[in-house]
Amino acid sequence: MKPVNEFPSADGLWTGIRLAADAGVEAAIVVEQGAVRWVGARSALPAGFAGLAPHDGGGALVTPGLVDCHTHLVYGGQRANEFAMRLAGATYEEVAKAGGGIVSSVRATREADEDTLFAQASARLEQLLADGVCAIEIKSGYGLSLEHERKQLRVARRLGEAYGVTVRTTFLGAHALPPEYAGRSGEYIDLVCKEMLPALAAEGLVDAVDVFCERIAFSLAETEQVFKAAKALGLPVKLHAEQLSDMGGAALAARYGALSCDHIEHLSAEGIEAMRKSGTVAVLLPGAYYTLRDTHLPPIAALRAAGVPMAVSTDHNPGTSPALSLLLMVNMACTLFCLTVPEALDGVTVHAARALGLQDTHGAIAPGMPANFVLWNVREAAELAYWFGQQPVRAVVRQGRIAI
Ligand code: NIG
Ligand code: FE
């Protein structure tokens with residue numbers, strides 16, 4: 001990995017590029033001090049910019065930098081064995097009850113020191129970055145104690161600094177009940193709300209708060225307790241909602257002004273209406289749907305009809321979505337969830353940025369915003385959804401620097 005300060009500056013005039021929205025026309029982007037100063041058709045470029053340092057895109061298609069708005073990137077070990085168990089007939093819930101599932105990653109994460117976690121997560125992050133990711137959310141939730149959640153979140157922050165990529169950290173202390181609290185869910189949630197969250201927030205390690213609200217995780221009442229604690233600290237919330245059953249989590253999250261509700265395979269009409277009213281983003285996670293061989297589709301048509309913004313993310317995690325390509329998720333969002341190509345591309349840019357509260361700095365190429373954009377070796381935008389397993393990145397401008 002190259003030190004970030006050795007990435008060349010992207011300042012200057014980018015030509016020989018085409019914007020995804022209007023791929024037939026040559027475009028130009030002016031970058032000044034790491035921010036976009038001007039973007040539009042090359043034919044409309046103001047004369048004053050013509051003499052800036054040139055960057056030739058070689059005819060590439062350009063999109064905003066991708067945003068992966070839901071990942072569990074930092075963890076110890078891996079869980080290929082559970083994948084095999086599920087193929088032999090066990091369900092995700094059965095694997096979890098047999099001591100596998102999230103808790104097995106908790107064991108491996110607790111055993112690993114910070115440098116080991118950093119090295120393992122770095123290798124995964126590099127793959128996501130190679131696909132054009134310029135901002136990424138990283139959740140805790142495999143530590144489940146103050147010490148080990150802190151370790152995960154510190155690694156997440158370090159990754160952002162080391163790679164010059166925007167990292168938003170999400171505290172997911174309420175991901176699973178740690179084994180030492182078996183049968184004492186209420187006590188654990190108290191610990192999450194009264195000790196873990198306030199301490200980690202005070203250390204500047206928490207940008208948002210998430211809960212796994214599900215039969216095999218935490219109840220609606222417990223979820224609300226965590227939301228209250230987040231609100232008291234002024235932190236935004238998000239939710240793993242209605243993945244395996246309709247718990248009414250989305251409507252609750254919407255009442256707390258949630259940035260996003262994620263998974264939502266079993267989202268109800270009331271949930272959709274609540275999300276519409278609160279402007280909450282629906283985060284679709286086709287990698288988990290695919291890995292679990294789920295057949296219960298999220299209510300895409302109803303979300304679309306309600307105008308709820310839909311984001312798409314990897315949900316990278318060792319249990320249900322060992323996915324390391326956000327572009328592959330774009331493909332799956334189209335093939336499995338029937339998103340249109342523009343919907344899927346908005347889902348990994350503008351709407352994903354909003355799901356993280358990053359809409360002013362990411363997800364678009366617009367004057368005043370930091371320069372985050374990707375040059376792709378494709379003729380038309382639909383190719384970004386069409387190919388899978390291809391790596392069409394030609395160059396990535398991340399935070400005003402040419403990172404790839
Ligand atoms: O987003 N749903 C809960 N959490 C993860 C799975 C975590 C795991 O199995 O390790 C998810 O799918
Ligand atoms: Fe998740």
Side-chain angles (χ1 to χ4, degrees), residues 68-86 90-110 120-121 124 136-144 148-149 152 156 168-179 208-218 222-223 226 237-245 247 249-250 253 258-267 281-294 296 298 311-323 326 329 332 352 355-356:
D68 196 352
C69 66
H70 179 141
T71 86
H72 309 246
L73 196 72
V74 177
Y75 54 84
Q78 49 79 21
R79 308 217 309 263
N81 62 323
E82 293 177 16
F83 177 66
M85 278 169 75
R86 287 199 306 273
T91 65
Y92 180 55
E93 290 175 86
E94 283 163 0
V95 169
K97 283 189 187 131
I102 294 171
V103 166
S104 73
S105 291
V106 171
R107 275 193 297 274
T109 303
R110 287 178 174 179
Q120 291 176 352
R124 299 189 280 264
I136 182 168
E137 186 246 24
I138 301 178
K139 301 176 194 292
S140 67
Y142 290 119
L144 308 186
H148 296 293
E149 290 285 298
Q152 273 194 282
R168 298 300 277 179
T169 55
T170 298
F171 173 65
L172 180 56
H175 191 198
L177 194 60
V209 177
D210 192 353
V211 175
F212 187 18
C213 179
E214 193 52 73
R215 294 185 299 232
I216 56 168
F218 296 99
E222 289 166 335
T223 301
V226 178
V237 300
K238 348 174 36 83
L239 190 65
H240 279 73
E242 346 292 21
Q243 180 186 11
L244 309 170
S245 62
M247 302 273 294
L259 288 172
S260 69
C261 288
D262 305 40
H263 286 287
I264 55 169
E265 276 82 352
H266 295 259
L267 180 65
V281 177
V283 178
L284 306 172
L285 303 171
Y289 179 91
Y290 166 81
T291 302
L292 295 174
R293 288 181 297 151
D294 200 346
H296 198 290
V312 173
S313 169
T314 59
D315 187 19
H316 177 87
N317 76 72
T320 63
S321 191
L326 188 52
M329 300 303 111
M332 287 187 182
L356 299 179

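Reckoned from all heavy atoms, side chains included, excluding hydrogens, waters and symmetry mates. Remember, it's 1-based here, ligands and their atoms both numbered in the order they're listed.
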(request) Decide whether Gln152 and Thr109 meet the rule of one side-chain donor and one side-chain acceptor closer than 3.5 Å. (result) no
(message) If the threshold is 4.0 Å, N to carboxylate O, is there a salt bridge linking Glu93 and Arg215?
(response) yes
(message) Could you check whether Thr91 and Arg86, counting side-chain N and O atoms only, form a donor-acceptor pair closer than 3.5 Å?
(response) no
(message) For the backbone of Ile138 and the side chain of Thr170, can you confirm whether one donor and one acceptor N or O come within less than 3.5 Å of each other?
(response) no
(message) Please report, to 10°, the angle around the Fe ion (ligand 2) from atom NE2 (His72) across to atom NE2 (His70).
(response) 100°
(message) For atom 2 (N) of ligand 1, what is the closest protein heavy atom, and at what distance to 0.1 Å?
(response) Gln243 OE1, 3.0 Å
(request) List the closest protein heavy-atom neighbour of atom 11 (C) of ligand 1: residue, atom name, distance to the nearest 0.1 Å. (result) Asp315 OD2, 3.2 Å
(request) Just jot down the ligand 1 atoms closer than 4.0 angstrom to any heavy atom of Arg79, in number order. (result) 8 (C), 9 (O), 10 (O)
(request) Heavy-atom contacts with His70 under 4.0 Å: which atoms of ligand 1 show up? List them by number with element. (result) 1 (O)
(request) Determine whether the side chains of His70 and His316 contain a donor N or O and an acceptor N or O closer than 3.5 Å. (result) no
(request) Taking only heavy atoms of His72 into account, list the atoms of ligand 1 that are under 4.0 Å away from them. (result) 1 (O), 4 (N), 5 (C), 11 (C)
(request) Examine distances only and state if a side-chain atom of Gln78 and a backbone atom of Ala80 form a donor-acceptor pair shorter than 3.5 Å. (result) yes
(request) If you have a sec, work out which protein heavy atom is nearest atom 10 (O) of ligand 1 and how many Å separate them, to one decimal? (result) Tyr142 OH, 2.6 Å
(message) For Asp210, is there an ion pair with Lys139 - N to carboxylate O distance below 4.0 angstrom?
(response) yes
(request) Answer yes or no as to whether an N/O/S atom of His240 is found below 2.8 Å from the Fe ion (ligand 2). (result) yes
(message) Looking only at N, O or S atoms, which one in Asp315 sits nearest to the Fe ion (ligand 2)?
(response) OD1
(message) What verdict does the side chain to side chain donor-acceptor pair (under 3.5 Å) test give for Ser260 and Asp262, after you've listed the backbone C-alpha separation in whole Å, the side-chain angles of each residue and the deciding distance to 0.1 Å?
(response) CA-CA 6 Å; Ser260 69; Asp262 305 40; 2.7 Å; yes
(request) Run the numbers for me: atoms of ligand 1, each under 4.0 Å from some heavy atom of Gly319, listed by number. (result) 9 (O), 10 (O)
(request) For atom 12 (O) of ligand 1, grab the closest protein heavy atom and report residue, atom and distance to one decimal in Å. (result) Thr320 OG1, 2.7 Å
(message) I need the atoms of ligand 1 closer than 4.0 Å to a non-hydrogen atom of His263, numbered in the order shown.
(response) 1 (O), 2 (N), 11 (C), 12 (O)
(request) Give a yes or no on whether the backbone of Asp68 and the side-chain of Glu137 come within a donor-acceptor separation of less than 3.5 Å. (result) no
(request) Return yes when Glu214 approaches ligand 1 closer than 4.0 angstrom through a heavy atom, no otherwise. (result) no
(request) Give the numbers and elements of all ligand 1 atoms closer than 4.0 Å to a heavy atom of His175. (result) 3 (C), 4 (N), 5 (C), 7 (C)
(request) Looking only at protein heavy atoms, identify the closest one to atom 9 (O) of ligand 1 and say how far it is in Å. (result) Tyr92 OH, 2.6 Å
(message) I'd like to know if the side chain of Arg124 reaches the main chain of Leu73, judged simply by a donor and an acceptor atom lying under 3.5 Å from each other, with no hydrogens or angles considered.
(response) yes
